[in-house]
2 protein chains.
Amino acid sequence: MARSSAARGTRAATLSDVARLAGVSVSTASKALNNRNHVHAQTRERVLQAAAQLSFSPNSLARGLLAGRTGTVGLLTSDLVGRFSLPILMGAEDAFGAGQVSVFLCDARGDAIRERHHVQALLSRRVDGLIVVGSSTDPRPPLADAVDVPVVYAYAPSEDPEDLSIVPDNVGAGRMAVEHLIACGRTRIAHISGARHYSAARDRAAGAQEALDAAGLALVGEVAYGAWEEGWGRAAAGMLLDRSPEVDAVLCGSDQVARGVLDTLRERGRRVPEDVAVMGFDNWDVMTTGARPQLTSVDMNLEELGRAAARALFEAIDAEHGRGVRTVQCRVTVRGSTAAEG
Amino acid sequence: MARSSAARGTRAATLSDVARLAGVSVSTASKALNNRNHVHAQTRERVLQAAAQLSFSPNSLARGLLAGRTGTVGLLTSDLVGRFSLPILMGAEDAFGAGQVSVFLCDARGDAIRERHHVQALLSRRVDGLIVVGSSTDPRPPLADAVDVPVVYAYAPSEDPEDLSIVPDNVGAGRMAVEHLIACGRTRIAHISGARHYSAARDRAAGAQEALDAAGLALVGEVAYGAWEEGWGRAAAGMLLDRSPEVDAVLCGSDQVARGVLDTLRERGRRVPEDVAVMGFDNWDVMTTGARPQLTSVDMNLEELGRAAARALFEAIDAEHGRGVRTVQCRVTVRGSTAAEG
DNA sequence: AAAGAGTCCGAAAACCTTTTCGGTCGTTGC
DNA sequence: GCAACGACCGAAAAGGTTTTCGGACTCTTT
């Protein structure tokens, strides 16, 4: 008895068992189960019945060993707790799940040693490909090991331009946000962002500036960089109102920052959206729908990003491996904090 | 050429390649790499060098096929986006990651069909065990298929008491919370909870009542069941203050509800924690640290729960399969909303 | 009746590793 | 010098599946 638990039965049925029960050879049983050519209908029926009776399920290990393909991919993330890797992971699982692919999940915790360890383990399990999900949109070093399967970097691009990376379009997101505010009739727009050393913060600000330039507008004050926290939003909004009371819209670096800004505006007696429109980034539902009024936000389309990464990996497995950085479009989700009727 | 991408090299090195390069047989190479008995030190060295030169990594499929053990487990979750499955998943990955175990991640999206599909796929990949993570603490039906590997249910217990389930101690959490409030000197405690049809809400309320009884206190008003949302917290707090203005502490069903309660208290001019103490459940950092004042909360110890599930699965694989429902203790994380000096 | 065509089935190799068992060689003790 | 023994290495089987190839059988055609 290899398995020791009393609750569990004997070992799983094998193809030989099915063949024996059906009174045919293993090769015939295999062909019958895989709908291969030239098996008598009656024979096939017997085999199918035998397989059902034994609740046979083919051993993927043996199959993978033979085929040189396992139908598995590795998903290497850097911060499972993080807010961003999760929807990506979800999208990837989604795109794979329909087919015959299973996903190995690994969390490197931002530790290079652990990452190499995981990569080695995945390679030894003969994954068909790898998706590497970063924890911020800042570029990350490529995998340390030589990997003989395709790799797609998601969210954080690889520093090596020869690698294939799929990232959100932060510049476009900034542009879209300002365009939305302008469409709402706002002209005196301020920008309270997150931590300056994040490329996401700088890219969004750059996109916002593009849209302002295109409309012949100027930002109210400077971009206020700080932290991705509500507290920063509250503090920055206070300073903004002191210095530039004429502001009629605040673009915030994240939904959390926006929540803080909303709090300060409320306390200072500014009505949202009548006096000041507010919007954030990320479209994190728990932040946006809990806010008063509900928060307009730019959705970074992370699930779609995950799906795109999965699709790209499929392509790379089956055909040619792409290169360079591809971006995924974002979209504005309008709620009460910018729409007057909200 | 099995692999078609030009960027990738030829197929991975196999043990035969190593043996050939080292000038020994495959069996000797195997023994050398696995530190088996009776291999000449010099021979072993040659083999190791050859393996390094070819960057050989043993094929886990072949190994698993032979050993009857794959060193993989399936992690079946019901809502990957959800807030609760993630830390559990993280803890499980943590406990496994140290060893030689890899994790297959599957998300059933609460769909029974998809769940069966995933279970079948996992079984065909010959996982050594399964962890099933629910999306709420309400009991869930056991897996539909007969599974010949150990299964551990985490967060949501199985309806079958013969299964092994590991869940947070919601009753204890409610008790702890009230004990903390009492320790802070509060005696007029109200409870604004979440949706009534969640066992988590009812269990926490029951635990809270136990602690009140033990202290000879009565709840202010009834338990206010509603929804797990900030909006409900705001509304319920308003009603509470209208009906029972003497209240000096509000225990909230979740951190989100607590955030709403805090908002209303602030607007009504009640100081927190001086006039009214507030606490929540879940200890969701983004909710607790963003709040003003920062929110005291009961941490459900979900990562520990994930680790416990992983450990229990290990035991079940190696030895005997446990049964019944085990609970994981919670702990209070004190912040400014109950501690006067915060 | 014989040959040919077609239909179906089975034997065997292949995938890669581990383990068991047998074999070779040198050495030691008598 | 011979037997026994120890140290080391190699052959082979096992694990489960898929695929190729050849063989056997049936049916048709001449």
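In what follows, every chain begins at residue 1, and chains take the letters A, B, ... in the order their sequences are listed.
- Nearest heavy atom pair, residue A/Pro157 against residue A/Val325, reads CB-CG2, 4.3 Å.
- For the pair A/Leu66 CG and D/dG15 C1', the computed distance is 13 Å after rounding to whole Å.
- Residue B/Asn34 has a polar side-chain atom (N or O) positioned under 4.0 Å from OP1 or OP2 of C/dT18.
- At least one side-chain heavy atom of B/Leu33 sits under 4.5 Å from a side-chain heavy atom of B/Leu48.
- If you find the closest nucleotide of DNA chain D to B/Arg44 and to A/Val26, the one lying nearer the 5' end belongs to B/Arg44.
- The interatomic distance linking B/Gln42 (CD) with D/dA7 (P) rounds to 17 Å, in whole Å.
- Rounded to whole Å, atom C1' of C/dT18 lies 15 Å from atom CG of A/Leu61.
- In this entry the distance linking CG of A/Asn59 with C1' of D/dT18 reads 13 Å, nearest Å.
- Taking only side-chain nitrogens and oxygens, B/Arg36 comes nearer than 4.0 Å to OP1 or OP2 of C/dT19.
- Using a cut-off of 4.0 Å between Lys/Arg side-chain N and Asp/Glu carboxylate O, B/Arg140 and B/Asp163 are scored as not salt-bridged.
- Base contact: A/Ser30 has a heavy atom under 4.0 Å from a base atom.
- Here A/Ser27 lies in heavy-atom contact (under 4.0 Å) with a base.
- Between the P atom of D/dT17 and the CD atom of A/Gln100 lies a distance of 16 Å, rounded to the nearest Å.
- C/dC16 atom P lies 11 Å from atom CZ of B/Arg20, rounded to whole Å.
- Relative to the side chain of A/Lys31, the nucleotides C/dC9, C/dT18, C/dT20 differ in distance, and C/dC9 lies closest.
- Between the side chain of B/Asp128 and the backbone N or O of B/Val73, no donor-acceptor pair lies under 3.5 Å.
- Between A/Thr28 and the phosphate of C/dC9, there is no side-chain N or O to OP1/OP2 separation shorter than 4.0 Å.
- Taking atom CG on B/Leu65 and atom C1' on C/dC15, their separation rounds to 9 Å, with Å as the unit.
- Spacing between atom CG of B/Leu15 and atom P of C/dC15 amounts to 14 Å, rounded to whole angstrom units.
- Looking at heavy-atom distances under 4.0 Å, B/Thr43 makes contact with sugar-phosphate atoms alone, never a base.
- Taking for each of A/Ser16 and B/Arg46 the nucleotide of DNA chain D with the nearest heavy atom, the 5'-most of the two is the partner of B/Arg46.
- Here A/Glu303 pairs with A/Arg307 in a salt bridge; the nearest charged N to carboxylate O distance falls below 4.0 Å.
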